[in-house]
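Structure, as structure tokens:
By convention here, the first residue in the shown sequence is residue 1. Only heavy atoms go into these numbers, but all of them, side chains included; no hydrogens, no water, no symmetry mates. Both counts, for ligands and for their atoms, begin at 1 and track the order of listing.
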Amino acid sequence: MEELSLIKQAMRAVMNGQPLALRDPHRPAWHLAPSVGLLNDPNGFIQHNGVYHLFYQWNPLGCDHRNKCWGHWQSADLLRWEHQPIALAPSACYDSHGCYSGSAVAAEGKITLIYTGNVKFPDGSRTAYQCLAQESERGEYRKLGPVLPLPEGYSGHVRDPKVWRHQNDWYMVLGARDLQDRGKVLLFRSSNLRDWQSLGEIAGSGLNGLEEFGYMWECPDLFTLDGADVLICCPQGLAPQPEHYLNRYQAGYLLGKLDYRQAAFSHGEFRELDAGFEFYAPQTTLAEDGRRLLFGWMGVPEQDEEAHPTRRYGWIHTMTCPRELSLRHGRLHQRPARELQQLRGERAGWQGRLHQRPARELQQLRGERAGWQGRADDAPAYALEAAELQMTPQGAFSATFGDAMTLNWDGERLQLTRTSLTDGRPEHRYWRGSVTHLQLLFDRSSVEIFINRGEAVMSARYFPAGEPQLRLCGSAPLALEYWPLTPCMLE
Ligand code: FRU
């Protein structure tokens, strides 16, 4: 479609559709969501001159995966985001069927976007170009055209460029499906972002000790964290296991060392980044203060998307909260970005009459702030619309979040359960290990559960009828702190 025409239609869709979207009781109060239409991957996440930019895959014209543009938000603090003009719309011959995912770098003082131009042919085949666009004085993005056609030996599925600077060069990873239907990550180098030299495959199905490991890998991201190299990737086609790989597609990471000279990445085993129901296509950036920050899409392609109730209000999907990454004991840890603490309202620690411990003991247990300590059974019901909850369980318990979701800890396994949107049956996700601390972030139709201060996360959408309340059950002692969270989206 012609660019101007698409943007005019998008404008109409937003103006007509926003009032309805804002009436949706499931619309988040503090997570990023599309004003109308469909959001998927975070793109081009960067902090430039102190300002955060987050672009995103956006279909402004409907809740299906068509017309993929790059939407654009900007924020000074990771909390309050402002809408910016659509950065990219699929209008050129090299991106006619979607301005697909990609990343941003600052080059010569300007934000430069590297994205995939997706092109489909009438016979059902497709090709892909890696393309550039550059920020103008007015904060608009000017397309500079393709810089890399489809590399030889691959299907039309080669996409999602993530670019970074190392020493005096630019490097890029791409997700790919080869001609034998094996998912791969390809590495390229360039001195100027325009001329790219292929350095070969650095990871994938059948490489570096991995056996058959999916037919396509999407959205790679490679960065150094606390001395190790981390390759994030999203393999498609992994067989479900009893407690793993239960989502339609997976998002995980490989930890290792990238040898830039040999273009070889030796790595350990693949680990999932999130043990919940909805998490995909995460992207990281290095903040100016040195933190490695991550946004993920709180959705999964082709996973019950048609059954999400928010479609009736003309929008679908949200981002995760921004997270800070660190490496501990050889594992990637994720914690909510510290900025999110600013959303906390007044702390409500209920003083349980039963089993209340002396304040000093509580303080040792919970750090300097005393909270509520009692039996799970005696805990009050808290409103979960937009809230943070921290719990230190000392034994088995279960928690229900309104009528829509339960979290159960039996001493060995954490189990998150909800009713399937498509067939009404219970569905589960699991995490195994010893739970010493839980931090739960609620936002109307989502929960993100941070286990043991970042050791694992479970992210999920859920659609409670009415305003959800927390109910706890169990006889074991449990310390609890609760904060309502202040809405902060600018709409
Ligand atoms: C991942 C993905 C990417 C692609 C984009 C299209 O969710 O399929 O591989 O670039 O979404 O919207």
TODO: Would you please indicate yes or no on a ring centroid separation below 6.0 angstrom for F463 and H308?
DONE: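 Between H308 and F463, the centre distance is under 6.0 Å.
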Task: is_close_aromatic(F270, Y253), centroid dist under 6.0 Å - done: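 Between F270 and Y253, the centre distance exceeds or equals 6.0 Å.
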Open item on the list: I'd like to know whether ligand 1 has D41 as a neighbour, heavy-atom separation below 4.0 Å.
Closed with: yes
Which ligand 1 atoms, with their elements, are less than 4.0 angstrom from a heavy-atom of [X]?
X: R159; value: 3 (C), 4 (C), 9 (O), 10 (O)
X: S101; value: 5 (C), 10 (O)
X: Y100; value: 4 (C), 6 (C), 10 (O)
X: Y280; value: 1 (C), 7 (O)

Open item on the list: Testing F188, F265, Y260 one by one against Y171 for a ring-ring contact (aromatic ring centres under 6.0 Å, His included), which residue passes?
Closed with: Y260
- [ ] Using a cut-off of 6.0 Å, state whether more than 12 heavy atoms not belonging to R66 lie near its atom CZ.
- [x] no
Open item on the list: Would N40 count as a polar contact of ligand 1, with the cut-off being nitrogen or oxygen pairs under 3.5 Å?
Closed with: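 Yes - when backbone and side-chain N and O of N40 are compared with those of ligand 1, one distance drops under 3.5 Å.
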TODO: Look only at interatomic distance and state if W297 has a nitrogen or oxygen under 3.5 Å from any nitrogen or oxygen of ligand 1.
DONE: no
TODO: May I ask you to decide if the ring planes of Y141 and H72 are parallel, tilted or perpendicular, using 30° and 60° as cut-offs?
DONE: perpendicular
List the closest protein heavy-atom neighbour of [atom]: residue, atom name, distance to the nearest 0.1 Å.
atom: atom 8 (O) of ligand 1; result: E218 OE2, 2.8 Å
atom: atom 10 (O) of ligand 1; result: D160 OD1, 2.5 Å
atom: atom 12 (O) of ligand 1; result: Q57 OE1, 2.7 Å

Open item on the list: Distance to the ring centre below 6.0 angstrom and angle to the axis at most 45 degrees; does that hold for R177 and Y154?
Closed with: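 Output no; distance or angle outside limits.
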TODO: Using the ring of W170 (Phe, Tyr or Trp, six-membered ring only), decide whether R189 places NZ or CZ under 6.0 Å from its centre and within 45 degrees of its axis.
DONE: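 Judged by the rule, R189 and W170 form no cation-pi pair.
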